[in-house]
Amino acid sequence: MPEVPDYQLKIKQVFAEVGKVVVGQQYMVGRLLIGLFTGGHILLEGVPGLAKTLTISTLSKVLHLHFQRVQFTPDLLPSDLVGTMIYNQNQSEFEVKKGPIFANLVLADEVNRSPAKVQSALLEAMQEKQVTIGETTYLLDLPFLVLATQNPVEQEGTYPLPEAQVDRFMMKVFVDYLKKTDELEVMRRMANMSFESDVNPILTKEDIFGIRQQINQVQISETLEKYIIELVFATRKPAEYDLVEFQQYVQFGVSPRASIALHRAAKAVAYLDERDYVLPEDIKEVATDVLNHRILLTYEAEADGIRTQDLIEAILRKVPIS
């Protein structure tokens with residue numbers, strides 16, 4: 001892979017440029033890049049004020065991509081997202097007015113605040129990479145990545161995403177509070193009212209597709225491919241993997257999309273670590289983010305305080321690499 005050093009240097013510069021504006025969210029930036037480089041959409045969950053929106057908008061500038069933010073509200077209509085036909089009086093004909101979905105990076109802010117029709121319109125665009133307005137179908141510009149945020153605190157006036165739709169997100173990333181030193185730096189930086197948040201574009205669309213090609217060439221052994229399958233099957237039938245205590249808590253395990261996402265994400269982690277082969281640690285590193293939103297637990301699990309993360313951690317401890 002002769003061009004790896006160039007791209008690896010540029011990826012380091014991306015982290016450095018985003019770091020000029022956003023403090024202490026390297027984990028989130030890394031996950032967003034994995035999604036972008038592998039064509040997977042990301043669901044971010046965290047309390048307000050953790051720089052989710054700022055990180056995504058800054059990343060779009062550094063990657064030189066067209067960015068659109070959509071604030072999801074209960075009165076949002078599908079046409080507000082994908083676009084609609086409007087009547088042009090001068091031309092005496094209808095013409096298409098494209099919506100904010102026609103961008104490279106689309107931030108769906110508080111996606112659980114909009115009704116099912118709008119969520120379906122967004123998720124159709126995510127899956128098909130195309131939008132139908134009137135009788136015409138329009139292809140979306142590539143790369144196309146949806147980054148949706150959810151606020152876990154408020155439940156009033158929200159429309160939780162159905163399990164089948166949540167499954168279309170490659171990863172669900174929990175964004176946590178900053179460390180004390182990072183929050184101190186944020187406070188100082190943002191309290192300075194003359195703070196400039198200018199960043200330089202580092203990667204182009206061509207670079208992103210070039211990186212995608214190189215990630216595709218990262219080697220993963222048959223043993224590790226089978227290990228991914230075992231992890232996936234352990235979420236469906238824990239009892240067969242000596243996890244009898246979790247059997248009563250699992251309503252549905254993960255779908256085949258999880259195997260694909262784990263495979264791609266593990267390759268991307270290896271690539272970002274400047275390797276052309278996957279290690280077991282790469283799979284374990286992304287397992288929680290890839291699996292946590294795809295496992296559906298029973299009401300008994302909620303009553304007993306069992307979380308999906310507990311099941312995933314138990315699976316990673318129990319399932320051997322044969």
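Heads up: numbering here begins at 1 and tracks the sequence. These numbers come from a predicted model, not from an experiment.
Using a 4.5 Å heavy-atom cutoff, the side chains of Arg31 and Asp289 are in contact. Between Val111 and Leu43, the closest side-chain pair of non-hydrogen atoms falls below 4.5 Å. Annotation: side chain of Phe144 is in contact with side chain of Ile101 (closest heavy-atom distance under 4.5 Å). Counting only heavy atoms from C-beta outward, the side chains of Ile211 and Leu203 approach each other to under 4.5 Å. Within the 4.5 Å cutoff, side-chain heavy atoms of Leu262 are placed close to those of Val286. In this structure, Phe169 and Met126 have side chains that are in contact, with non-hydrogen atoms separated by less than 4.5 Å. Here the side chains of Leu59 and Val14 are in contact, with some heavy-atom distance below 4.5 Å. No side-chain heavy atom of Ile315 sits under 4.5 Å from any side-chain heavy atom of Phe246.
No side-chain donor-acceptor contact under 3.5 Å links Tyr138 and Gln130. Remark: the Glu110 side chain and the Gln71 side chain contain an N/O donor-acceptor pair separated by less than 3.5 Å.
Between the OG1 atom in Thr58 and the CZ atom in Phe67 there is a gap of 9.0 Å [rounded to 0.5 Å]. With rounding to the nearest 0.5 Å, the separation of CG in Leu122 from OG in Ser114 is 8.0 Å. In this structure, the separation between OG1 on Thr149 and CD1 on Ile42 is 13.0 Å, given to the nearest 0.5 Å. Interatomic distance, Asp242 CG to Lys318 NZ, rounded to the nearest 0.5 Å: 4.0 Å. Distance check: Leu279 CG to Ile220 CD1 gives 10.0 Å after rounding to the nearest 0.5 Å. Rounded to the nearest 0.5 Å, atoms CG (Leu243) and CD (Gln247) are 9.5 Å apart.
Within a 6.0 Å radius of CD in Glu302, other residues, nucleotides and ligands contribute 12 heavy atoms or fewer. Crowding of Phe209 atom CZ: a count of heavy atoms from other residues, nucleotides or ligands under 6.0 Å exceeding 12. Environment of CZ in Arg188: sparse, with no more than 12 heavy atoms of neighbouring residues, nucleotides or ligands closer than 6.0 Å. For Lys129, the NZ atom counts as densely surrounded, since its 6.0 Å shell holds more than 12 non-hydrogen atoms of other residues, nucleotides or ligands.
Judged as a salt bridge (Lys or Arg N to Asp or Glu O under 4.0 Å), the pairs with a partner in residues 53-78 (not counting sequence neighbours) are, in order, Arg69-Asp109. Sorted by first then second residue, the side chain to side chain donor-acceptor pair (under 3.5 Å) pairs that include residues 169-180, not counting sequence neighbours, are Glu45-Lys172. For residues 11-21, the set of pairs meeting the side chain to side chain donor-acceptor pair (under 3.5 Å) definition, not counting sequence neighbours, comprises Lys12-Glu274, Glu17-Lys20. For residues 211-233, every residue pair satisfying the salt bridge (Lys or Arg N to Asp or Glu O under 4.0 Å) rule, not counting sequence neighbours, is listed here: Glu222-Lys226.
Listed for the Asp80 side chain is a donor-acceptor partner under 3.5 Å among the backbone atoms of Leu77. For His41 (side chain) and Val146 (main-chain N/O), a donor-acceptor pair under 3.5 Å exists by modelled atom type. The closest donor-acceptor contact from the side chain of Asn104 to the backbone of Leu65 lies at 3.5 Å or more, if one exists at all. No donor-acceptor distance shorter than 3.5 angstrom exists from the side chain of Arg307 to the backbone of Gln309, with no hydrogens or angles considered.
Of the residues listed (Ile11, Val62, Asp207), the one engaging Ile202 in a side-chain contact (heavy atoms from CB on, under 4.5 Å) is Val62, and it is the only one. The side-chain contact (heavy atoms from CB on, under 4.5 Å) test with Ile312 singles out one residue from Leu231, Val254, Thr288, Thr235, and that residue is Thr288.
Both Leu54 and Leu63 belong to a single network of hydrophobic side chains, linked directly or stepwise wherever heavy atoms of I, L, V, M, F, W or Y lie under 4.5 Å apart. Under the 4.5 Å side-chain heavy-atom criterion for ILVMFWY residues, no single connected hydrophobic cluster contains both Val23 and Met187. A chain of hydrophobic side-chain contacts below 4.5 Å, direct or via other Ile, Leu, Val, Met, Phe, Trp or Tyr residues, connects Val250 to Val319. The hydrophobic cluster containing Ile321 also contains Val269, counting ILVMFWY residues as joined when their side-chain heavy atoms lie under 4.5 angstrom apart, directly or transitively. The hydrophobic clustering, which links ILVMFWY residues whose side-chain heavy atoms are closer than 4.5 Å, places Leu139 and Leu81 apart.
Residues passing the side chain to side chain donor-acceptor pair (under 3.5 Å) test with Asp182: none are found, sequence neighbours excluded. Residues satisfying the side chain to side chain donor-acceptor pair (under 3.5 Å) criterion with Gln219, sequence neighbours excluded, are absent altogether.
Heavy-atom minimum distance, Leu76 versus Pro115: O-CD, 4.3 Å. Nearest heavy-atom pair, Lys98 versus Phe102, reported as atom, atom and distance to 0.1 Å: CB-CD1, 3.5 Å. Here the shortest heavy-atom pairing between Val106 and Pro100 reads CG2-O, 4.0 Å. Between Val118 and Phe72, the shortest heavy-atom contact is CG1-CE2, 3.7 Å. Across every non-hydrogen atom of Val218 and Ala270, the tightest pair is CG1-CB, 4.1 Å. Summarising the geometry of Leu32 relative to Leu147, their closest heavy-atom pair is CD2-CD2, 3.3 Å, with the distance given to 0.1 Å.
Lys205 has a carboxylate O that lies under 4.0 Å from a charged side-chain N of Asp141, or vice versa, which qualifies the two as a salt bridge.
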Using side-chain contact (heavy atoms from CB on, under 4.5 Å), reason through Thr308 and Leu297 one step at a time and then give a plain yes or no. CA-CA 7 Å; Thr308 52; Leu297 298 181; 3.8 Å; yes
Assess whether side-chain contact (heavy atoms from CB on, under 4.5 Å) is satisfied between Val29 and Gln26, documenting all intermediate values. CA-CA 5 Å; Val29 175; Gln26 287 88 349; 5.5 Å; no
Give the intermediate values and the outcome of side-chain contact (heavy atoms from CB on, under 4.5 Å) for residues His263 and Ile228. CA-CA 7 Å; His263 196 278; Ile228 289 173; 4.3 Å; yes
With side-chain contact (heavy atoms from CB on, under 4.5 Å) as the test, would you mind laying out the steps for Phe37 and Leu272 before giving the verdict? CA-CA 10 Å; Phe37 295 154; Leu272 292 175; 4.2 Å; yes
